[in-house]
Amino acid sequence: MNSFNYDHKAVEEKWQRKWKEDKTYQTEENPNKEKCYVLDMFPYPSGEGLHVGHPKGYIATDVFSRLKRMQGKSVLHPMGWDAFGLPAENYAIKNKVHPRVMVEKNIARYKEQLASIGFDYDWDREINTTDPKYYKWTQWIFLQLFKKGLAHESNEPINWCPSCLTGLANEDVEDGKCERCGTQVEKRPIRQWVLKIREYADKLLEGLNDLDWPKSIKESQRNWIGRSEGMLFTAPVKDTNITIDTFSAHFEACYADTFVVIAPDHGLLPDLLEGIDNKEEILETAKHLAHKQNEKDFDGSKNVEGVFTGRYIVDPLGNGDLPIWIASYALADYGTGIVKCSCHDERDFAFAKKYDIPLKPVLFPKDEVEAGKVRDLEECFVDMKNGVLTEPEEVAGQSGGSVREIVIKHLEEKGLAKKTVNYKLRDWVFSRQRYWGEPIPIIHCEKCGPVAVPESDLPVVLPDVEHYEPTGTGESPLANIPEWVNVACPECGGEGKRETNTMPQWAGSSWYYLRYMDNKNDTALVDPEKEKYWQPVDMYVGGAEHATRHLIYARFWHKFLHDIGVVSESEPFKRLQHVGLIQAEDGRKMSKRFGNVVNPDDIVNTYGADTLRVYEMFMGPFDQNIEWSTKSIIGPRRFLERVGVLSERVSEDSEIDKNVERELHKAIQKVSEDIISFRFNTAISTLMTLGNTLHKLQSIPVDVYKIFLQLLAPFAPHITEELWSMFVKETSIHNSIWPVCNTEKIIDETVTIAVQVNGKVRDTFEIDSGKDEDEVKTEAQELPGVSKWIEGKNIKKIIYIKDKLISIVVDD
RNA sequence: GCCCGGAUGGCGGAAUCGGUAUACGCGCAACACUUAAAAUGUUGUCCGCAAAUGCGGAUGUGGGUUCAAUUCCCACUCCGGGCACCA
């Protein structure tokens, strides 16, 4: 019966070997060809190895890059390793192996696993962030930031993880916990390096508009940057030489302000309280409030608490003296840390009620009864958009939402306030008190301060140490190696000490896509010609969890590199697709902890890499989370087997049936479009349908079969190569020319018309496509299924949608 | 609280410039092949009216626009994600 025997192991091993020997997927840098740069977010080689969810994104880029290669593009599709950082280090400490040894082992394991799935990576382009030849350039970028004043030392209190024993960036904290280990973070003042990402906040926001990225990720970034326009009020503090600034985004009702609050951990407090009798007592309360603020479940909007400072500001708007209170809900690190307050804010209102601070409403609802309640301070009214203002005079009687610009003008012209912008985005805390990271290339000199390591001395190689456990002292383990730490100051030649903090995990991944373009260059980060050729990344695929970390950092560094002329475009990643997670069959995350991990090796062994690939692309929409189902894999496997069986019915001289030809060309169109737009599931169902059609034929024309194989090749590279080689000896299917849809061949000769009577389908009939409208209408009314519904009834109208349907409307 | 997604058979999902809802796959059932089973093939498979024809109902809920709504509009419920003491 069926002599085709699908031995996936033999086929896959054979072709993987052959592709490697033939360098089938070597990157071609051909200036006469259009380029296409397809990139995966490179993995962190963890000790756990891959589960079936990991390759999903890699399969997609593989399919995409194979299509582009067959369409004649120069394709760059590389892979590498993001191997510095806390997880590798923590894992190494736990298992008492040097991180370097661990990382090497894990990379070897990952590579093996990836190879078995048949990806078309060009391994000559491989990179590893922990390779000194690589991080030389990570350090070089840091130095450029330092030289431009965008990297500086600071002692501000930052997030500190008491378990990982290191400072963290704002981005590394999730819900008050260390993103890595889940421990509650604390605020702690330590010496640290900070990158001024805020200076790029507006550029980062504006750049988003031109990117072909998922809406949700752009939205996340906008939220994260949190740009807010408002007014800055400046006022003198009575009986002192101090003036304070307050920021307000909802300043429309600023004439309602009756008091001021300051954050309990605000740096200005001691000065402000100078000369106040119970200064120490107040400071003690402030400290207590600040401490409370840091507690994990503290919600300041519910627990308003505070203490009066004894100080007043002179209201710039002429409302007399406004008392300054310390309040639990005021944040030191947003705006100026001091806020002018009124009854038109829930927290302020609650606070004032609690401490009997006078209030003065100026914004009212339109409803008179409701307005009365606001006037009597029974209710807090905050609808700045629809509420009606009574002050200032210029806008009295108008709604807050309509007068924003007028109020700004009024305040600025009278010199009462200045327009200002605030961001939620914090500067990037860039140092870690840990071993396994890029050394920060700075030398501290008592005379010259922090001095850049000369570029000719890069890389500053991470030395081997005996003990790489974190110290917890605010210094990294590197501080314990005097022979490494003590060096001459590059400026004055005097005694200097190396910076012992290392860079965060995100450093290496903030520019790695540039290195693939020119991964062996020892004299430049990337050759400008190569950069111009490959830039930007045309398709970038990875998890949505990187929206506010890696994807912001990388855009920041890229924009900086653009500003100093290293790269030619202002954005690194033109198009981005995010990959939906594959969850375990129990609906949970796949994790060793739950014992629900499905290993791709097992699937490759049992069903073959091609089946795994087709299945993962067929499961559902690419960007959607979906549950793994080992039961359903059999579908794709059966499909591939049938594709093989079809090869026995291929004939050199059989005629092409018109209908088959039409379906074939429609499939060419559909599959091409679907791959480009990442709708892999429908591409595969189209191929399955075409396969079913071919299955019904006695004899399949060889040209039809070859095209069918080509369309399937990006998804199932091994079996299609094997079957292709039965008919074509000279070239790999993966370097063959992608078929083009002939639009004349997809025109339907006959079409089915549905006939509706009062909106319900009553019958269908076949016509030649493009048939005369009147004839179709007449024919439709004569159909048995239709005539019984319209007989004896008054036809009000007949609508004809060309080649699709007839809709007859009759009186009931 | 604010912002962004989503909800379609037993299951994964398809179809959204409004035009025959349920493509493709899984599962299930029957039949063929087989001593038998598996595999494979063929056929069927949204629900209800006992079956066929036929009729009615169905795309989270309730309204609306339309000859026609999964698709557009309004209100709501639930699920997922982001932000959240941000003044």
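All values reported here derive from a predicted model rather than from experimental measurement. Each chain gets a letter, A, B and so on, in the order its sequence line appears, and its residues count up from 1.
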Between the protein and nucleotides 63-69 of chain B, which nitrogen or oxygen pairs are less than 3.5 angstrom apart?
from  : atom 1 : to       : atom 2 : distance (Å)
B:C67 : OP1    : A:Lys797 : NZ     : 3.3
B:C67 : O2     : A:Ser807 : OG     : 2.6

Please produce a list of atom pairs where a protein N or O lies less than 3.5 Å from an N or O of nucleotides 13-17 of chain B.
from  : atom 1 : to       : atom 2 : distance (Å)
B:G13 : OP1    : A:Gln624 : NE2    : 2.3
B:A14 : OP1    : A:Asn681 : ND2    : 2.9

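Considering only the side chain of A:Asn223, B:G82 comes nearest among B:G82, B:C85, B:C26. When distances run from any side-chain atom of A:Leu331 to the nucleotides B:C85, B:C4, B:C83, the shortest one goes to B:C85. Of the candidate nucleotides B:C83, B:G56, B:C26, B:G56 has the atom nearest to the side chain of A:Arg762. Of all nucleotides listed (B:A87, B:G41, B:C26), B:A87 comes nearest to the side chain of A:Phe247.
As judged by a 4.0 angstrom heavy-atom cut-off over every strand, A:His695 is placed among residues touching the sugar-phosphate backbone only. Within the 4.0 angstrom heavy-atom criterion, base atoms lie near A:Thr752. Across all strands shown, A:Ser248 has heavy atoms under 4.0 Å from sugar-phosphate atoms exclusively, and none from any base. Using a 4.0 Å heavy-atom cutoff across all strands shown, A:Arg222 reaches no nucleic acid atom at all. Within 4.0 Å of A:Arg426, counting heavy atoms only, lies at least one base atom of the nucleic acid. Note on A:Val339: a base of the nucleic acid sits closer than 4.0 angstrom, heavy atoms only.
By the 4.5 Å heavy-atom criterion applied to side chains, A:Leu168 and A:Ile158 are not counted as neighbours. Between A:Trp506 and A:His546, some side-chain heavy-atom pair lies under the 4.5 Å cut-off.
In this structure, A:Trp325 has its ring center at least 6.0 angstrom away from the ring center of A:Phe259. With ring centers used as reference points, A:Phe349 lies 6.0 Å or more from A:Phe351.
In this structure, A:Tyr423 has no ring-ring contact (aromatic ring centres under 6.0 Å, His included) partners at least two apart in sequence or on a different chain. When the salt bridge (Lys or Arg N to Asp or Glu O under 4.0 Å) test is applied to A:Lys589, no partner is found at least two apart in sequence or on another chain. With sequence neighbours excluded, no residue satisfies ring-ring contact (aromatic ring centres under 6.0 Å, His included) with A:Tyr800. Legend: residues meeting side-chain hydrogen bond (donor to acceptor under 3.5 Å, both in side chains) with A:Thr682, ordered by chain and number and at least two apart, are A:Asp674. Qualifying side-chain contact (heavy atoms from CB on, under 4.5 Å) partners for A:His288, counting only residues two or more places apart in sequence or in other chains: A:Lys292.
For the OP1/OP2 pair of B:G41 and a distance below 4.0 Å, the side-chain nitrogens and oxygens of A:Arg642 include at least one atom meeting the criterion. Under 4.0 angstrom from either OP1 or OP2 of B:C85 there lies no side-chain N or O belonging to A:Tyr334. Between A:Lys760 and B:G57 there is a side-chain N or O to OP1 or OP2 distance below 4.0 Å. Between B:C86 and A:Arg227, no contact under 4.0 Å exists linking OP1 or OP2 to a side-chain N or O. For the OP1/OP2 pair of B:A39 and a distance below 4.0 Å, the side-chain nitrogens and oxygens of A:Arg638 include no atom meeting the criterion. For A:Asn692, a side-chain nitrogen or oxygen approaches OP1 or OP2 of B:G25 to under 4.0 Å.
Rounded to whole angstrom, the span from the NE2 atom of A:His250 across to the P atom of B:C85 amounts to 14 Å.
Annotation: cation-pi geometry satisfied between A:Lys56 and A:Phe622 (NZ/CZ under 6.0 angstrom from ring centroid, within 45° of ring axis).
For the salt bridge (Lys or Arg N to Asp or Glu O under 4.0 Å) condition, the pairs that include at least one residue of residues 612-623 of chain A, sequence neighbours left out, are A:Asp62-A:Arg613. Identified under the ring pair (Phe, Tyr, Trp, His ring centres under 6.0 Å) test for residues 625-644 of chain A, with sequence neighbours left out: A:Tyr615-A:Trp628. Evaluation of the salt bridge (Lys or Arg N to Asp or Glu O under 4.0 Å) test over residues 219-234 of chain A, restricted to residues two or more places apart or in two chains, returns A:Asp202-A:Arg227, A:Glu219-A:Arg222, A:Arg227-A:Glu229.
Judged purely by atom type and a 3.5 angstrom limit, A:Thr258 uses its side chain to pair as donor or acceptor with the backbone of A:Pro358.
For the P atom pair drawn from B:C2 and B:U59, the interatomic distance equals 29 Å after rounding to whole Å. Annotation: B:C47 and B:A32 have their C1' atoms spaced 31 Å apart (nearest Å). B:A51 and B:U45 have their C1' atoms separated by 15 Å, given to the nearest Å. One P atom belongs to B:G6, the other to B:G10, and the distance between them is 23 Å to the nearest Å. Going from the P atom of B:U42 to that of B:U53 covers 23 Å, rounded to whole Å.
For B:G56, the base adopts the anti conformation, since its glycosidic angle falls more than 90 degrees from zero.
More than 12 non-hydrogen atoms from other residues, nucleotides or ligands lie less than 6.0 angstrom from CD of A:Glu766.
Counting only Watson-Crick or G-U wobble pairs whose defining distances are both under 3.5 Å, the stems of 3 or more consecutive pairs in RNA chain B are B:1-7 with B:77-83, B:10-12 with B:24-26, B:27-32 with B:40-45, B:46-49 with B:54-57, B:60-64 with B:72-76.
Residues from residues 781-791 of chain A lying near RNA chain B, meaning a heavy-atom separation below 4.0 Å, are A:Lys788, A:Trp789 in numerical order.
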